[in-house]
Amino acid sequence: MAPVQVKKICCIGAGYVGGPTCAVIALKCPHIQVTIVDLNKARVDAWNSPDFAVPIYEPGLVDVVKQCRGRNLFFSTDVDKAILEADLIFVSVNTPTKKSGVGAGFAADLNYVESATRRIAAVATSSKIVVEKSTVPCRTAESMRTILEANSRPGTRFDILSNPEFLAEGTAIADLFKPDRVLIGSLQTTEGKEACRALADVYANWVPQERILTVGLWSSELSKLAANAMLAQRISSINALSAICEATGANIDEVSHAVGFDSRIGPKFLRASVGFGGSCFQKDILNLVYLSESLHLPQVAAYWRQVVEMNEYQKSRFSKTVVDTLFNTITGKHIAVLGFAFKADTGDTRESAAISLIRDFLSERAFVTIYDPQVSEEQIWQDLSEACPTTPLETIKKQVTIVHSALEACTQKEAIIIATEWKEFLEIDWQTVYANMNRFQGEGHWAWRARVKTVLRHSLSSDIDLNFNIGH
Ligand SMILES: NC(=O)C1=CN([C@@H]2O[C@H](COP(=O)(O)OP(=O)(O)OC[C@H]3O[C@@H](n4cnc5c(N)ncnc54)[C@H](O)[C@@H]3O)[C@@H](O)[C@H]2O)C=CC1
Ligand SMILES: O=C(O)[C@H]1O[C@H](OP(=O)(O)OP(=O)(O)OC[C@H]2O[C@@H](n3ccc(=O)[nH]c3=O)[C@H](O)[C@@H]2O)[C@H](O)[C@@H](O)[C@@H]1O
């Protein structure tokens, strides 16, 4: 069997993963033609826009696209053509939590993976390496193989690989340039190992060999769920400790610092927060819970479920703290929420903790003013409508104002919430903000300091709190 050399790559799914990942492959492998395809025409048009108004905000991404688009990087809605021409196909479609049917609320919805796989089977006229890039439940590759083999033409073969993505939004380009590891799972057959080598050769154009890990298919699939579950578990652990800190007077930043100094624990992912957000942590843990239950491991399922429950608790605990701090009612009060994205340096709002907080504030009939440097107004209205399904958008709009600067958001407010750790919030002139906040009659500065500080203590960046000196 001749060694496979990848010359043309197709990526199905031009989203947060497919777009940046394959753009970086195109940059680092000028000898490979990369075509990223999607059914969503508006998204593809944005990737192709003459002024590089790409559909996702990610530092460094536009630079990469500028260097390769039209050279060896193409974006298209012609899925079939890209499949036909490619030697290697990444399947990088969404795998959200199922909303109905068996496993609803826990299992991954594999509908998009299945239709992409069926399309490959229907269209391909030559052998392909098909790579699972999406995060999927353990043994999904087996279902993909069954679909592909049942439909393959004589003389064509499909080799399935698992190559989960570990990039984080906001640092995607840096993560892709210098990944901690690239993980490739394959069947341990001669053909499987050969396909694995072909993909490893692509990454070897810029990733050191010792960082390219090759394992079995099922281990690779499970490692992705395990990595996300363990990262989220650290956040829930520190958030659980933050509740104890607030009850005892200990300082969570000091505890986190002290604990993280232990080299066996390490300092990363120990930042107490309003709760983790993003499209993946909750979805992937629920997926693991479902897998554990399906395997008749109820204790294991309960263990991982608790990570998500703690996260929900943290979000509602924070809303309650805001209400408590504002004298047990926020009805008719004005609250500024700085940051709507689920983390800094992204415009992504999926599962953002800010959405839960604002939903809670609206249900208490507070007025909310929102500012986020990247999230569009349209996206905010869509997210709030989905979060408050029984409230008409017109009613929501009477309670919510969206503004275009942090200072504007903070003027004449009773409380300010920093929900996303955007760096620009560090640079705000907080003394001016404080001077322009609403005050109730008879209240002294100290109450205001307590109020503002209480809110800030929950912000994602302890730096803000530590540098902050309001009211002194
Ligand atoms: N967002 C992230 O930071 C990360 C996501 N992942 C995983 O990567 C996968 C993709 O995630 P995102 O890129 O965030 O999703 P996304 O929703 O941004 O992008 C998926 C794209 O696939 C397209 N699509 C769906 N079915 C299609 C089909 N049959 N043919 C052509 N296009 C199709 C959709 O139109 C959409 O544009 C998920 O499994 C996710 O869990 C993994 C690591 C990081
Ligand atoms: O599979 C995925 O989608 C990705 O999920 C996460 O990446 P991402 O969700 O983009 O961003 P993170 O930096 O992990 O942050 C997730 C959430 O946790 C919060 N967080 C993070 C760190 C921390 O110490 N505390 C904390 O509350 C963040 O503010 C954010 O809301 C993982 O970090 C990636 O490795 C993984 O590829």
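Indexing begins at 1, ligand by ligand and atom by atom, following the structure's order.
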Nearest-0.5 Å distance, CD1 of residue I265 to CG of residue L270 | 7.5 Å

Under 4.0 Å from any heavy atom of C280, which atoms of ligand 2 are there?
-> 1 (O), 2 (C), 3 (O)

Say whether, by atom type as modelled, one donor and one acceptor occur between the side chain of K343 and the main chain of E169 under 3.5 angstrom.
-> yes

Do any heavy atoms of T135 fall under 4.0 Å from ligand 2?
-> no

Gap separating the CD1 atom of I212 from the OG1 atom of T214, nearest 0.5 angstrom | 9.0 Å

Please identify which atoms of ligand 1 are closer than 4.0 Å to at least one heavy atom of Y112.
-> 25 (C), 26 (N)

Write out the residue and atom name of the closest protein heavy atom to atom 5 (C) of ligand 1, then the distance separating them to 0.1 Å.
-> V17 CG2, 3.1 Å

Rounding to 0.5 Å, atoms CZ (R359) and SG (C388) come to a distance of 7.5 Å

Short N or O distance, G277 and ligand 2, threshold 3.5 Å exclusive = yes

Short N or O distance, R43 and ligand 1, threshold 3.5 Å exclusive | yes

Under 4.0 Å from a heavy atom of K224: give me the atoms of ligand 1 that qualify, with their elements.
-> 43 (C)

For ligand 1, indicate whether the residue N94 contacts it via side chain, backbone, both or neither (heavy-atom separation under 4.0 Å).
-> both

To the nearest 0.5 Å, what is the distance between CD1 (I160) and CG (L217)?
-> 8.0 Å

Considering the heavy atoms of E169, write down every atom of ligand 2 situated less than 4.0 Å from one of them.
-> 10 (O)

So, is N40 polar-close to ligand 1, with some N/O to N/O distance under 3.5 Å?
-> no

Checking R234 side chain against K268 main chain: does a donor-acceptor pair fall under 3.5 Å?
-> yes

Geometric N/O contact S279 with ligand 2, under 3.5 angstrom = no

Under 4.0 Å from any heavy atom of E165, which atoms of ligand 2 are there?
-> 37 (O)

Mark yes or no: R181 above the aromatic ring of F166, with NZ or CZ under 6.0 Å from the six-membered ring centre and no more than 45 degrees from the axis.
-> yes

Looking at S273, which atoms of ligand 2 are within less than 4.0 Å of one of its heavy atoms?
-> 26 (C), 27 (O)

Between C280 and ligand 1, which residue portion shows a heavy-atom distance shorter than 4.0 Å: side chain, backbone, both, or neither?
-> side chain

When you measure from atom 41 (O) of ligand 1 to every protein heavy atom, which one gives the shortest distance, and what is it?
-> K283 NZ, 2.6 Å

Return the orientation label for the H257 and F261 ring planes: parallel under 30°, perpendicular over 60°, tilted otherwise.
-> perpendicular

Atom 28 (C) of ligand 1 - nearest protein heavy atom and its distance = L39 CD1, 3.6 Å

closest protein heavy atom to atom 27 (C) of ligand 1 is V93 CG1, 3.6 Å

Please report the shortest heavy-atom distance between A23 and I36, naming the atom on each side.
-> N-CD1, 4.1 Å

Ring pair (Phe, Tyr, Trp, His ring centres under 6.0 Å) partners of residues 40-63, not counting sequence neighbours, each pair once | W47-F75

Between the main-chain N or O of G216 and the side-chain N or O of S220, is there a donor-acceptor pair closer than 3.5 Å?
-> no

Go through ligand 2 atom by atom and flag the ones less than 4.0 Å from a non-hydrogen atom of K224.
-> 1 (O), 2 (C), 36 (C), 37 (O)

Indicate yes or no: does an N/O atom of T135 lie under 3.5 Å from an N/O atom of ligand 1?
-> yes

Of all protein heavy atoms, the one nearest atom 3 (O) of ligand 1 is E169 OE2, 3.2 Å

Report yes if some N/O of A168 lies less than 3.5 Å from some N/O of ligand 2; otherwise report no.
-> no

Are T95 and K283 linked by a side-chain donor-acceptor pair shorter than 3.5 Å?
-> yes

At under 4.0 Å between heavy atoms, what of I56 touches ligand 1? The answer is neither

Atoms of ligand 1 less than 4.0 Å from L167 heavy atoms?
-> 3 (O), 44 (C)

Ranked by distance from atom 15 (O) of ligand 1, the top protein heavy atom is R350 NH1, 3.8 Å

Tell me which protein heavy atom sits closest to atom 35 (O) of ligand 1, plus the residue, atom name and distance to 0.1 Å.
-> D38 OD1, 2.6 Å

Assess whether side-chain hydrogen bond (donor to acceptor under 3.5 Å, both in side chains) is satisfied between Q314 and S242, documenting all intermediate values.
-> CA-CA 9 Å; Q314 186 74 353; S242 78; 3.1 Å; yes

Under the side chain to side chain contact (heavy atoms under 4.5 Å, CB included) test, which residues partner A232, sequence neighbours left out?
-> F276, F281, I285, V307

Check against side-chain hydrogen bond (donor to acceptor under 3.5 Å, both in side chains), K128 and S126 = CA-CA 6 Å; K128 312 280 177 202; S126 59; 3.1 Å; yes

Residue, atom name and distance, where the atom is the protein heavy atom closest to atom 39 (O) of ligand 1 = T95 OG1, 2.6 Å

Report yes if some N/O of E165 lies less than 3.5 Å from some N/O of ligand 1; otherwise report no.
-> no

For atom 19 (C) of ligand 2, which candidate among T171, I238, D345, I235 holds the nearest heavy atom?
-> I235

What do you reckon, does G278 put a non-hydrogen atom under 4.0 Å from ligand 2?
-> no

Between the main-chain N or O of L167 and the side-chain N or O of D175, is there a donor-acceptor pair closer than 3.5 Å?
-> no

Is it true that a side-chain atom of R305 and a backbone atom of V289 form a donor plus acceptor pair closer than 3.5 Å?
-> no

Heavy-atom proximity to atom 22 (C) of ligand 2, picking from F276, F269, Y16, F166, points to F269

